[in-house]
Structure formats: structure tokens, C-alpha cells
Protein chains: 2
Amino acid sequence: MFSIGEMSRRTGVKVPTIRYYEGLGLIAPEGRTAGNQRRYGRAGLGRLSFIAHARELGLSLAAVRELIALEDRKPGAHDEIHRIAADHLAGIRGRIARLRRLEAELERIGRACEARAGAPCRILHALADHGACDGAH
Amino acid sequence: MFSIGEMSRRTGVKVPTIRYYEGLGLIAPEGRTAGNQRRYGRAGLGRLSFIAHARELGLSLAAVRELIALEDRKPGAHDEIHRIAADHLAGIRGRIARLRRLEAELERIGRACEARAGAPCRILHALADHGACDGAH
DNA sequence: TCTTGAACCTCTAGTCGCTAGAGAGATTAC
DNA sequence: GTAATCTCTCTAGCGACTAGAGGTTCAAGA
């Protein structure tokens with residue numbers, strides 16, 4: 001049996017975060033000591049690793065909750081699981097696309113000012129005037 | 001003079017958000033009507049456009065506050081302004097790099113399951129086992 | 001001038017995913 | 001037995017809003 005600190009050490013998830021996940025119903029200890037301290041088993045460790053890894057990959061806790069529910073209720077529910085993963089991947093691709101547009105725009109804005117001392121910075125001007133932008137953002 | 005609703009229409013910033021910005025000290029109305037309603041002038045509209053555009057480009061409100069302070073206190077402070085913009089650009093590039101790693105990993109995980117009905121989905125397995133991952137994330 | 005309806009006011013609380021801290025009690029190693 | 005470390009619950013804070021309650025003011029038409 002593992003204490004919450006041991007769980008934290010093994011997964012890299014901080015102690016208060018584990019308790020937070022418990023509050024959300026994502027994980028629960030197998031039991032408690034006489035002194036009310038949480039004790040987890042192998043299954044709990046696996047569950048926490050799952051959550052930690054999903055979070056590292058950027059899935060929301062709502063998505064994690066959904067995946068856990070699917071795993072528990074209907075094992076082998078490929079369609080829903082693949083849909084959640086595909087949605088997440090699409091979200092990531094959208095964010096990459098948006099960030100690339102921002103990157104290009106900021107590069108353009110940064111090049112606009114030759115930094116003459118005393119003159120107002122062209123960057124501020126470019127920020128104030130959306131009409132001067134290349135693409136939509 | 002513009003009402004808060006007019007400001008919202010012209011900049012696309014929602015009314016409660018304008019009030020929120022006011023609470024943070026980023027913008028203030030030029031005055032109030034006898035009935036306590038906010039009234040803004042051209043300068044306020046410019047300021048709000050600036051904030052809106054900076055936000056669209058992903059700058060934090062803290063960065064916006066810093067830029068506004070620089071503009072007010074020392075016009076032509078190129079160095080600081082360019083530094084803020086460069087920091088932001090570096091942050092965006094870092095986020096793009098991270099998202100690309102996630103994208104690759106999720107693609108790999110998604111390909112791992114051939115979706116045999118009844119069998120546990122390999123995606124869940126891949127999520128549970130960080131050791132099976134290619135890169136660091 | 002009066003009335004209606006839209007816009008406006010302040011205030012509180014909720015979102016997401018944690019994180020920090022207070023103050024008290026439990027466990028473990030020596 | 002004692003000291004050090006862990007753990008407990010609870011509350012509040014972060015950023016950047018958003019939603020809603022309950023009440024007031026404005027602008028336009030009759």
C-alpha cells in the first residue's frame with residue numbers, strides 16, 4: 001500500500017493535486033489508516049499514471065473523466081475513445097495553426113521598428129492598429 | 001462620446017470585459033453621465049483597441065499593462081518594448097514546439113489500435129504507459 | 001410629457017487546473 | 001520518548017474572463 005506522498009513520488013503528480021483529483025471523483029484511495037491517512041494499491045497507482053500521462057499530452061480533465069468512465073462501463077468502446085483522441089488532436093492542430101499565424105504577425109510587427117531613439121516605437125503603433133495586420137487573428 | 005456598448009461594438013470587446021479591464025486599471029472612461037453611466041472619448045477607444053489587438057496576438061494582460069505604462073511614462077522606450085515583444089514571440093515558439101511533440105505522440109498513439117471489438121482499446125493502454133512514449137513531454 | 005424597452009449599473013460567484021498556506025494530527029526512525 | 005517528516009481538512013488565490021441577480025437610466029416614439 002502506498003501513501004499519498006509515495007504516489008506523488010512515483011507519478012510526479014503533486015500531493016495536493018492528487019487530493020484535488022479525488023475531489024473530482026477521478027481517483028480514490030483503497031482505504032484509510034486508523035489515523036485517516038490515504039492508502040492506495042497498484043490499481044490506484046495505474047489510474048494516477050493514466051491521468052498524469054493524459055494531462056501531459058494535454059487532455060482536459062473532462063476528457064480524462066470521460067475516458068475513465070468508458071473504460072469502466074464498456075470495455076472496448078473503441079469508437080468513443082478514438083473520437084476523444086481525434087478531437088483532441090484536431091484541437092492541438094488548430095492551436096498550432098493559430099500560434100503560427102501569431103508568430104508570423106509578431107515577426108512582421110517586430111521588423112516594423114528601426115528603433116530611433118525618441119521616436120514612438122512602431123511596435124506600439126502596430127499593436128494599436130489592427131487594420132495594419134496581414135492575416136485574421 | 002461613446003457609451004460602453006458603443007465601445008464594445010467598435011472593438012469587439014464584450015461589455016463586462018471592458019468593466020473588468022477598468023477594474024485592473026487598464027482603461028477608464030473620460031467621465032460619467034448624471035445617471036452614472038460611463039462615457040468614453042477617442043483616446044479611450046484607441047486604448048481599448050490597443051488592448052484588444054494585443055490580446056488577440058496572445059499577450060497577457062500583465063504585458064499589456066507594462067506596455068501601457070511604458071507608453072505613458074517614457075515614450076520611445078524601444079528596448080523594453082522590443083524585449084516584451086521578443087519574449088512573447090519566444091513563448092509562442094516554445095508552445096508551438098511543445099504542441100508539435102504532442103501532435104506526433106497522439107498520432108502515434110492513435111495508430112496503435114486497430115479497433116477489434118471487445119478487446120481493450122490500445123489508446124487507453126498507450127495513455128496509461130508513459131514508458132511506451134517516444135519523446136519527452 | 002409619458003411610456004416602453006433596451007442598455008446600463010454594481011455585486012457576487014462560477015469557470016479550469018491547479019497551488020499555497022494555516023493549523024492540527026499521524027507516522028516513522030532513532 | 002522524541003523529533004522530524006508526513007498527512008489531514010479547509011480556505012483562498014491565480015488569469016482572464018463569463019453569467020446572473022436585481023435594480024437604474026437612457027433614447028425614441030406616441
Side-chain angles (χ1 to χ4, degrees), chain A residues 1-40 44 48 50-68 87-88 91-92 95 98 102 137, chain B residues 1-40 44 47-48 50-68 84 87-88 91-92 95 98 102 137:
Chain A
M1 301 294 271
F2 311 118
S3 71
I4 198 167
E6 188 62 30
M7 293 283 279
S8 175
R9 238 164 286 125
R10 283 168 186 255
T11 60
V13 180
K14 289 182 187 152
V15 168
T17 305
I18 299 173
R19 288 196 277 252
Y20 171 72
Y21 288 164
E22 181 177 338
L24 298 182
L26 298 179
I27 187 172
E30 254 168 52
R32 298 261 185 160
T33 64
N36 200 34
Q37 298 195 355
R38 292 164 179 83
R39 287 298 179 266
Y40 300 85
L48 187 54
F50 175 86
I51 299 171
H53 193 201
R55 290 290 305 135
E56 276 167 22
L57 289 171
L59 281 101
S60 70
L61 288 179
V64 170
R65 196 198 326 267
E66 220 177 327
L67 289 173
I68 287 173
D87 282 359
H88 184 54
I92 284 177
R95 280 157 66 197
R98 168 145 209 275
L102 296 189
H137 46 251
Chain B
M1 301 294 273
F2 311 119
S3 71
I4 198 168
E6 187 62 30
M7 293 282 281
S8 174
R9 237 164 288 125
R10 282 168 187 254
T11 60
V13 179
K14 289 182 189 153
V15 168
T17 305
I18 300 174
R19 288 196 277 251
Y20 171 70
Y21 289 164
E22 182 176 336
L24 298 182
L26 298 180
I27 187 173
E30 253 167 55
R32 299 260 185 159
T33 65
N36 200 34
Q37 298 195 357
R38 291 164 179 83
R39 287 296 179 268
Y40 301 84
R47 167 67 60 90
L48 186 55
F50 175 87
I51 299 171
H53 194 201
R55 290 290 305 136
E56 276 166 21
L57 289 171
L59 281 102
S60 69
L61 288 181
V64 170
R65 196 198 324 267
E66 219 177 328
L67 289 174
I68 287 174
I84 291 170
D87 282 358
H88 184 53
I92 284 177
R95 279 157 68 197
R98 168 145 209 275
L102 295 188
H137 46 251

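Lettering follows sequence order; numbering is per chain, from 1.
Axis deviation across the helix from C:dT1-D:dA30 to C:dC30-D:dG1 amounts to 10°, comparing end segments of five pairs, rounded to 10 degrees.
Separating the OH atom of A:Tyr40 from the C1' atom of D:dC6 is a distance of 14 Å, rounded to the nearest angstrom. Here D:dG23 presents its C1' atom at 13 Å from CG of B:Asn36, a figure rounded to the nearest Å.
Separation of atoms CG (B:Leu48) and CZ (B:Arg10) is listed at 11.5 Å; rounding is to 0.5 Å. The structure places CG of A:Leu26 at 10.0 Å from CZ of A:Phe50, a figure rounded to the nearest 0.5 Å.
In this structure, the side chain of A:Arg55 does not engage the main chain of A:Val13 through any donor-acceptor pair within 3.5 Å. Formation of a donor-acceptor pair under 3.5 Å by the A:His88 side chain with backbone atoms of A:Ala63 is not found in this model.
For the pair B:Met7/B:Arg38, no side-chain contact is recorded, criterion being any heavy-atom separation below 4.5 Å from C-beta on. Contact check for B:Arg95 versus A:Leu102: no side-chain heavy atoms found under the 4.5 Å cut-off. Counting heavy atoms from C-beta outward, B:Glu22 and B:Pro29 have side chains that approach closer than 4.5 Å. Taking the side chain as every heavy atom from C-beta outward, A:Gln37 and A:Ile4 never approach each other to under 4.5 Å.
Salt-bridge annotation for A:Glu6 and A:Arg9: present, with a side-chain N of the basic residue lying under 4.0 Å from a carboxylate O of the acidic one.
For B:Ser3, no side-chain nitrogen or oxygen approaches OP1 or OP2 of D:dC26 to under 4.0 Å. Proximity of A:Arg38 to the phosphate of D:dC8: a side-chain N or O atom is located under 4.0 Å from OP1 or OP2.
Note on B:Arg9: nothing from the nucleic acid sits closer than 4.0 angstrom, heavy atoms only. Residue contacts for B:Leu24: at a heavy-atom cut-off of 4.0 Å it reaches no nucleic acid atom on any strand shown.
Of the candidates A:Ile68, A:Leu24, A:Thr17, A:Leu67, A:Ile68 is the only one forming a side chain to side chain contact (heavy atoms under 4.5 Å, CB included) with A:Ile51.
Along DNA chain C, read 5' to 3', the first and last nucleotides having any atom under 4.0 Å from a heavy atom of chain A are C:dG17 to C:dT27.
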Go through the steps for A:Val64 and A:Tyr21 under the test side-chain contact (heavy atoms from CB on, under 4.5 Å), then give the verdict. CA-CA 11 Å; A:Val64 170; A:Tyr21 288 164; over 6 Å; no

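Comparing A:Gly5 and B:Gly35 by the nucleotide of DNA chain D that holds the closest heavy atom to each, the one mapping nearer the 5' end is A:Gly5. Comparing A:Glu6 and B:Ala34 by the nucleotide of DNA chain D that holds the closest heavy atom to each, the one mapping nearer the 5' end is A:Glu6.
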Using the 3.5 Å cut-off, write out each protein N or O paired with an N or O of nucleotides 15-19 of chain D and the distance between them.
{"from": "D:dA16", "atom 1": "OP2", "to": "B:Leu61", "atom 2": "N", "distance (Å)": "3.4"}
{"from": "D:dA16", "atom 1": "N7", "to": "B:Tyr20", "atom 2": "OH", "distance (Å)": "3.3"}
{"from": "D:dC17", "atom 1": "OP2", "to": "B:Tyr21", "atom 2": "OH", "distance (Å)": "2.8"}
{"from": "D:dC17", "atom 1": "OP2", "to": "B:Arg55", "atom 2": "NE", "distance (Å)": "2.9"}
{"from": "D:dT18", "atom 1": "OP2", "to": "B:Thr17", "atom 2": "OG1", "distance (Å)": "3.2"}

